[in-house]
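In what follows, chains are A, B, ... by sequence order, proteins preceding strands, each numbered from 1.
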Amino acid sequence: MNTLRLVVGLLMTVVMLGLAGRRLLYLYRVGGAGQPVEPGRLGAVGTAIRAELVEVVAQRKLLRWTAPGLAHAAVFWGFCVLLLTVLEAFGSLFDPTFSLPVIGQFPVLGFVEDLFALLCILAVVAFVVIRVREAPRDQGRRSRFFGSHLGPAWFVLFMIFNVVWTLLLTRGAQINAQEVNTTDNLPFLRGAFLSQAIASLLAPLGQDVNEVIETVALLVGLGVLLGFTVFVTYSKHLHILLSLPNVALARRPSALGALLPVSSGGREVDFEDPGEEDLLGVGNVEEFTWKGLLDFGTCTECGRCQSQCPAWNTGKPLSPKLLIMGLRDHALAKAPYLLAAEQERDGLSDDARAVASVPLVGDTGYAGDPLAAYAPLGPGGVIDPDVLWSCTTCGACVEQCPVDIEHVDHIVDMRRYQVLMEGAFPDEAGAMLNNLEHAADPWGRGASQRLAWAEPLDFEVRVLGADGGDRIPDDVEWLFWVGCAGALDDQAQRTTRAVATLLHEAGVEFMVLGEAESCTGDPARRMGNEFLFQMLARQNVQTLDDAGATKIVVTCAHCFNTIANEYPQVGGSYEVVHHSMLLGRLLAEKRLVPVSRVDRDVTYHDPCYLGRHNRIFAPPRELLGAVPGLRLAEMPRAKERAFCCGAGGARMFMDETLGTRINENRAAEAIATGAQTIAAACPFCITMLSDGVSTLRPDDAPVEVTDIAEVLLRAVRPDLDDVSPPPQAARP
Amino acid sequence: MSEVLVLVETSGSTVRIPSLELLTLARRLGEPSAVLFGSPEDSVVAALAEHGATTLYAVPAPEMEEFLSLPKAEAVTDLARRLSPTAVFITSSPEGKDIAARVAVALDSGIITDAVDVTSEDGDVVATQSIVAGRFVATTRVVRSPAVLTFRPNSVEPSPAPSSATLETVDLSVSEVARGARVVATTPKESTGRPDLTDAAVVVAGGRGVGSAEGFAKVESLADALGAAVGASRTATDVGWAPHESQIGQTGKTIAPALYVAAGISGAIQHRAGMQSSKTIVAVNKDPKAPIFGIADFGVVGDLHTVLPALTEEIVRRRT
Amino acid sequence: MKVVVLAKYVPEPTATWAFEADHTLARESVEGRLSELDEYAVEQAVRLKEAGAADEVVVLTVGPAKAVDALRKALAMGADRAVHVSDEAIAGSDALGTSRVLAAAADKEGFDLVLTGMASTDAEMSVMPSMVAARLGLPQATFAGALSVEGGTATISRDLDTATTEVTVTLPAVISLTDQTDEARYPAFKAIMMAKKKPVETRSLADLGIAAGDVGLEAAGTSVLSIAPAPQRQAGTIITDEGDAATQLADFLAARGFLR
Ligand SMILES: Cc1cc2nc3c(=O)[nH]c(=O)nc-3n(C[C@H](O)[C@H](O)[C@H](O)COP(=O)(O)OP(=O)(O)OC[C@H]3O[C@@H](n4cnc5c(N)ncnc54)[C@H](O)[C@@H]3O)c2cc1C
Ligand SMILES: Cc1cc2nc3c(=O)[nH]c(=O)nc-3n(C[C@H](O)[C@H](O)[C@H](O)COP(=O)(O)OP(=O)(O)OC[C@H]3O[C@@H](n4cnc5c(N)ncnc54)[C@H](O)[C@@H]3O)c2cc1C
Ligand code: SF4
Ligand code: SF4
């Protein structure tokens, strides 16, 4: 019998591992069809190892969702530990009394193995409960599993269950076989508590039967495990294998903040003189880098991203999960074509050739059914333009993804192709791009309007070049980057005046660029118009460098992100702070002193580009905390999980006609805290939220939306209740 | 005394006001002669004489209306060749510009468009223009006469200077080239309906301050009294008080009417993006700090629920 | 069918404009662009080509050296070739002179249809289409809100105050287009790069057979005496309603001529 079991076991192993290996090799080749990764992606071994420890071993992101996180951690650590039992099982194919060297017979090992087997079973039960409770059949779009492959997921749970029970049965039978034989089939005399319990149940069957049970259960167990391995290579559970390299090769600290420059063939594209063959953005699935393809293969379909996505949550067809799945399915469908040599392609089946010619972004005719907005096999397009253009680049998906998939980068890469190569994007955004190009601001107001905000102030704001000098004088500490909204939007002008007044009050010497300032290029870049971004960014860096700027304070979260994180890409490196940080310092240094109570209930909205993208969560809250009398109530979705206002990704300049409005969703959440004041720290959020508030409360708006600086100003200079007389703006 | 040819337009039995303005201006340079297409009614002749026209050239060619402005340009050119006037005055309008352009080329005359004022200096015609969207004022001398000038409506208050006008009928044959652009269909616009928002000369718009769908009727009544189109801020369309097509602004329509009346609209930048090139802006808002006042030519700080109905009543009263 | 589009290089409307000592617009010191209203003409021409109605679209400009930027934009939008008439002697031309050059250049190029904008965004005269047509002995149809071409005839619609008319025009002819026609496209970067390779021919007055003395400041039929900034727009009158606001407002409207 022992020979039989050896032969069957080994045969099974060779066949199954062969199948799995073949599949993996195939997938490896598919990945190889992608572009080389951009410069700087590889090589940071230290960070990669750290990432593996934090993200994979310590399951950092998963554990942020307590119940499913613990269950997943149990299975993950369980399978790590149970790998030892797999070794033991293989050993016992050769020698029934096999034990691992050195530690092999420590009772504690037996205990730990049994403990994790038990935890795995409990986790499976927990997963079943979660999946039943969040079943898309009942919950529809609200379920994070909506659109995931449910069958395979259930099958995997079943297989995990099978692996564990066959293991326990084998071990129980081993104990019994040992007792009768006085040989040592299970290496542990004590410790393996579950195995012992099962053994006592099986004992009455006698030695022979137990020996048979041991062999059968061992072979079945190995079979299940090997079958599982093969299955994994064909399913979403590929993440078990791929998450390791994917996490190791992910952008660190995260794929938030800066966008990557456009690169082609692993080199950055020079927009002043692009190469003939340069790929600008992604128009075909093989134009993603191989790391991008690895991302698609790694997605676990867990739907954490989908559950947080503002577009998805307001009834739009975009779900980051469905997007990644769609791209993965399309890549696999296109693989035969991609892997075939040029001359063989004509010989491929019609289907294979048809898939190869499906545009990545194109009309799917989805007619309201979000699942139909993703058509990996075409014919109209793999994803609908509505999917692509619904993204606010808020980064909630990237923040959540447990396997570090870089959704925003992929979305922007596809937008880049649409804008740069096809000239295809929502019409309304065209006006904004034209305005940026011709007037250097998104509204087309022009440079001459950029100082209008300062007119009502009762002190002089220093403007670069006004006194004839073209460099920032030594006595000026901060360059105040006003931003387009800050200079041109009435509500944001109030913020600008509040910050200027506070800096003046604190005796901080600052200067503005005035007419020399241009849009940072953020909306152009996030729409995919890298060309325009590069033009604006280079011009601004030139202006800043010519002026000798070193320390910059901004009030706009988008300006902050662009200047701090993206201008280094075009050669401009400065110390950039958000006004919440600088005002916080001034408060700490007692250069600003709140003298008056502001007796109000306040809630604070985290701007995506300040919070998630730049981890500035505390300073605005500390600033509000310094205002006497203020009562701060958090919204349910705050900090890392804050819900977007809907303005990012150039969505500010597009019509929002699909589903419900993101800003109204967020405004409703803010109003529900009972706040009288909704404070934010970004002009675009403020526009969006005040718009949302006025639509929700059309008759009267007792809720005001304002910048944190204005709130602080009320405490510091209560006499100045009015920083906002109507500007007598010149009309063109 | 030198002659000034003035192209006049009529609507039925009345002379259109801009034409009376042209006559008023023409008297500064010499004797105005009116040129008019069709056969004038007596009341028209009387009105022209009342405003100083000494001769009236009527060009009755009935097939004229079948073609675009070319036959008219040919008629004016012929007359100008025959009479050698000091100047030809035409109202600035699509048709007026077409005619002026062709006449100027045919006579190799200096041309000035969109003039708002005119004088005579040392025998030359000197016109004042508001240029670059009103940012500059230019004065220009015409050195090759007859001066071909088009004037903006509202450049001067028409004033009478009675004279007696002789009527002369002028024959016209429409040239082959002029027959090249033929009007094949004319669809009159519904006179009952309001004008289309995008090309209305007057627009009355309501915002959140209007308060309700019923309140919006006040905006509509004022619009009807002014013969205006109705517009709205996004907030007003979002809550369903006005249809989405009437939204003005960044994500709505961009308009540039001669008169824009904003009622209960704060004037957010997104809204202003759609209406800031309006020539005259009137705002009614109860908040004296509303940004709309920053760009208003006339602002009323007050409750639109009282101001709008009172204004509507006043306009109706003055018009009857 | 060959379409020639007249496209003007104008100062950026949001820029601060200045005038030279001879009262001509300072075109070198101010950022310039393809007149926004001419983009509509380019758009219609390119659409005619895309629809198969036109075989070739040529953009033509008369302007300073930098005017080539306007041509590049039109080429990026889809025009095939460009002609740039540039000659020191043209500087300061009035409408008569400019139309003479445009007509000669269009004539030399050859065409079945000339498309123009409804007005330039600098001088805003709206006379060039009729002037060019007059000089070429062709009919014109101006202020077209929509355009289609079939056989040797173009059909346009014109939106007037009281009626909408449909007009047929026998080609060759000159047609000017309003901003009611289809929105101009925003060219893709690829198209901008491709436009750099499209041919731009430069022509002088001599090439067109025009004597230098027939155009330019000296030959103009008008002579600018002065250009001054407009008096600052009066800050608006803001009144607080004390019962008589409606009357005051009506007076204001009457004074501005809105109650006639
Ligand atoms: C992406 C985006 C795009 C947008 N696009 C547009 C757009 O295209 N068009 C647009 O209009 N908006 C647009 N908005 C919305 C814009 O930001 C403003 O929220 C909106 O214009 C405000 O409309 P409102 O002036 O009617 O309302 P409010 O700003 O709330 O103003 C109401 C005004 O009415 C006054 N008022 C109240 N009661 C009375 C009374 N009884 N009598 C007189 N006055 C009264 C108040 O004093 C107040 O000034 C957009 C916003 C976003 C975020
Ligand atoms: C502020 C200002 C005021 C002026 N006033 C007068 C005046 O009163 N009288 C006068 O005789 N001259 C005047 N000029 C000179 C005038 O600008 C030029 O003669 C001009 O070329 C023709 O007028 P326009 O730009 O108004 O063209 P429009 O008639 O408004 O242009 C209509 C279309 O013609 C085409 N077009 C016009 N110019 C060109 C060009 N250069 N190249 C290619 N296509 C073109 C475009 O398609 C344009 O959309 C003025 C110039 C300025 C800057
Ligand atoms: S960035 Fe935000 S809007 Fe875009 S897919 Fe991710 S979660 Fe959705
Ligand atoms: S992309 Fe990440 S978060 Fe979204 S479903 Fe896939 S694994 Fe989960």
Side-chain angles (χ1 to χ4, degrees), chain B residues 17 68 70 94 97-98 100-102 104-106 108-114 126 130 132 134-144 154 177-178 180-189 199 202 226 259 280 282 288 293 296-303 306-307 310-311 314-315 318-319, chain C residues 13 17 19 23 94-96 99 122-131 134-135 137-143 159 162-170 173 180 220-230 234 236-241 245-247 249-250 252-254 256-260:
Chain B
I17 289 162
L68 288 187
L70 276 76
K97 296 260 184 106
D98 283 2
R102 281 202 170 247
V105 168
D108 197 29
S109 299
I111 175 171
I112 294 174
T113 53
D114 295 315
V126 174
S130 158
V132 193
R135 278 189 261 167
F136 293 89
V137 175
T139 53
T140 305
R141 177 196 301 272
V142 179
V143 294
R144 274 211 301 281
N154 295 326
V177 172
R182 183 185 297 268
V183 178
V184 291
T186 302
T187 328
K189 289 192 179 156
D199 44 39
V202 181
L226 283 167
L259 171 64
T280 296
V282 167
F293 286 129
D297 299 280
F298 196 91
V300 175
V301 180
D303 185 352
T306 54
V307 176
L311 179 61
E314 180 70 20
I315 290 170
R318 291 192 192 197
R319 283 209 157 151
Chain C
W17 294 17
F19 289 86
H23 305 308
D94 66 348
L96 289 171
S99 63
D122 53 0
E124 300 178 291
M125 292 180 72
S126 296
V127 294
M128 218 36 64
S130 300
M131 286 188 147
R135 290 194 186 279
L138 297 177
Q140 92 268 1
T142 51
F143 297 93
D159 205 8
T162 53
T164 312
T165 58
E166 202 176 291
V167 179
T168 57
V169 196
T170 333
Q180 298 299 304
T222 48
S223 152
V224 180
L225 302 176
S226 71
I227 291 187
Q234 297 279 308
T237 316
I238 312 288
I239 60 162
T240 302
D241 183 23
T247 325
L249 187 44
F252 171 80
L253 293 178
R256 293 240 174 163
F258 291 114
L259 298 188
R260 287 188 206 157

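Heavy-atom distances place the backbone of A220(C), and not its side chain, under 4.5 Å from chain B. Contact annotation for F258(C): both backbone and side-chain heavy atoms come within less than 4.5 Å of a heavy atom of chain B. In this structure, the portions of A104(B) lying under 4.5 Å from any heavy atom of chain C include both its backbone and its side chain. Both the backbone and the side chain of R141(B) come within less than 4.5 Å of a heavy atom of chain C.
Taking each heavy atom of K97(B) and S126(C) in turn, the nearest pair found is CB-O, 3.8 Å. Nearest approach of S130(C) to D98(B), heavy atoms of both residues: OG-OD1, 3.2 Å. Considering all non-hydrogen atoms of both residues, L70(B) and L138(C) come closest at CD2-O, 4.5 Å.
For the set I239(C), D241(C), T165(C), the entry with the most heavy-atom pairs within less than 4.5 Å of chain B is I239(C). Heavy-atom pairs under 4.5 Å with chain C were tallied for V307(B), I17(B), L259(B); the largest tally goes to L259(B). Between chain B and the residues S223(C), A254(C), A134(C), the most heavy-atom pairs under 4.5 angstrom are made by S223(C). Between chain C and the options D114(B), D303(B), V282(B), I112(B), the largest number of non-hydrogen pairs under 4.5 Å is found for V282(B). For the options V167(C), T142(C), T247(C), heavy-atom pairs under 4.5 Å to chain B are most numerous at V167(C). Each of A310(B), G302(B), A185(B) has some count of heavy-atom pairs under 4.5 Å with chain C, and the biggest count is that of A185(B). With respect to chain B, the highest number of heavy-atom pairs below 4.5 Å among A246(C), G257(C), A173(C), A141(C) belongs to A246(C). In terms of heavy-atom pairs under 4.5 Å with chain C, the best-connected choice from V142(B), V126(B), T306(B) is V142(B).
Looking at residues two or more places apart in sequence or on another chain, you find a side-chain contact (heavy atoms from CB on, under 4.5 Å) between T168(C) and R182(B), V184(B), T153(C), T155(C). With sequence neighbours left out, A95(C) forms a side-chain contact (heavy atoms from CB on, under 4.5 Å) with I111(B), M125(C), V127(C), M128(C), M131(C).
Inter-residue side-chain proximity for F252(C) and D297(B) is flagged as met; some heavy-atom pair is nearer than 4.5 Å.
With rounding to the nearest 0.5 Å, the separation of CH2 in W17(C) from CZ in F136(B) is 8.5 Å. The CZ atom of R144(B) sits 7.0 Å away from the CG atom of D94(C) when rounded to the nearest 0.5 Å. For the atom pair CD (E124(C)) and OG1 (T113(B)), the distance works out to 9.0 Å, reported to the nearest 0.5 Å.
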CA sep, side-chain torsions, deciding dist, call: V300(B), I238(C), side chain to side chain contact (heavy atoms under 4.5 Å, CB included):
CA-CA 6 Å; V300(B) 175; I238(C) 312 288; over 6 Å; no

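T222(C) contributes no side-chain N or O that, together with a main-chain N or O of G110(B), makes up a donor-acceptor pair within less than 3.5 Å.
Donor-acceptor pairing under 3.5 Å is recorded for the side chains of T139(B) and S226(C).
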